[in-house]
Amino acid sequence: MEASQSQASANAALNPHPNPNSNYTNNSNSILSSTPVWPTIDGPLGLSEEESLAYARRFYKFGYALLPFLWAINYFYFWPVLRHSRSFPRLRPYVVSSAIGFSVFSVILSSWALTFAIGGEHLFGSTWDQLVMYNVADRLGLTGWS
């Protein structure tokens, strides 16, 4: 009894604000803390875990239907799932895959746009007039001034 009291007084000297819950283990890597972890950026106003799983799965699948901006929405809306690596293991694969898919889409779209913007006629030569769309009206004779 005396040993436990002396240990408690030694701990009180080291920590002036002791935790009243003696069973609490101070693990900084644990996702279990005093603040709850929510699957969406909305916090407690957002979706439950089951609804979040349905939305994340839906956004991920519809991203393949040439709507890759849904991957971006999925990635940003479910940011807490990525931030806390051990939380929500059922949601995490959809959110990580959405982030990777949107990143790949962004790289492809940017490289395509930069190829045409920077390279232009110098890169494509004589086929440039067939690739660009700003002279379609001239080619089809839809303008009155040509």
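Numbers here are sequence positions counted from 1. If you're wondering where the values come from, they're calculated on a predicted model, not measured in any experiment.
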Item checked: Stepwise side chain to side chain contact (heavy atoms under 4.5 Å, CB included) test for Asp42 and Tyr77 -> CA-CA 8 Å; Asp42 299 0; Tyr77 189 63; 3.0 Å; yes
Next item on the list: Using the test salt bridge (Lys or Arg N to Asp or Glu O under 4.0 Å), find all partners of Arg58 that sit at least two apart in sequence or belong to another chain.
Entry: none
Check: Would you call Pro80 and Ile41 a side-chain contact if the rule is heavy atoms closer than 4.5 Å?
Finding: yes
Indicate every side-chain donor-acceptor pair of residues 59-67 with a distance under 3.5 Å to a residue at least two apart or in another chain.
{"unit_1": "Tyr60", "atom_1": "OH", "unit_2": "Tyr64", "atom_2": "OH", "d": "3.1"}

Notebook entry, point to check: Which residue pairs pass the side chain to side chain donor-acceptor pair (under 3.5 Å) test when at least one of the two sits in residues 88-113, sequence neighbours left out?
Noted result: Glu50-Arg90, Arg57-Tyr94, Asn74-Ser98
Margin query: Suppose we screen for side-chain contact (heavy atoms from CB on, under 4.5 Å). Which residues come up paired with Glu51, at least two apart in sequence or across chains?
Written below: Leu47, Ser48
Next item on the list: With sequence neighbours excluded, tell me which residues meet side-chain contact (heavy atoms from CB on, under 4.5 Å) with Phe124.
Entry: Thr115, Phe116, Thr127, Trp128, Leu131
Notebook entry, point to check: Nearest heavy-atom pair of Leu91 and Pro39: which atoms, and what distance?
Noted result: CD1-CB, 3.9 Å
Notebook entry, point to check: How is the hydrophobic cluster of Ile118 composed, in terms of its other members, when Ile, Leu, Val, Met, Phe, Trp and Tyr link through side-chain heavy atoms under 4.5 Å apart, directly or indirectly?
Noted result: Leu114
Check: How about Trp79 and Tyr75: are their ring centres within less than 6.0 Å of each other?
Finding: yes
Notebook entry, point to check: Who are the side-chain hydrogen bond (donor to acceptor under 3.5 Å, both in side chains) partners of Tyr55, not counting sequence neighbours?
Noted result: none
Item checked: Where at least one partner belongs to residues 109-128, residue pairs that pass salt bridge (charged side-chain N to carboxylate O under 4.0 Å, His left out), sequence neighbours excluded -> none
Item checked: Point-to-point distance, once rounded to the nearest 0.5 Å, from CZ of Phe78 to CH2 of Trp38 -> 14.0 Å
Margin query: As an exercise, state the distance from CZ of Phe88 to CG of Leu82, rounded to the nearest 0.5 Å.
Written below: 12.0 Å
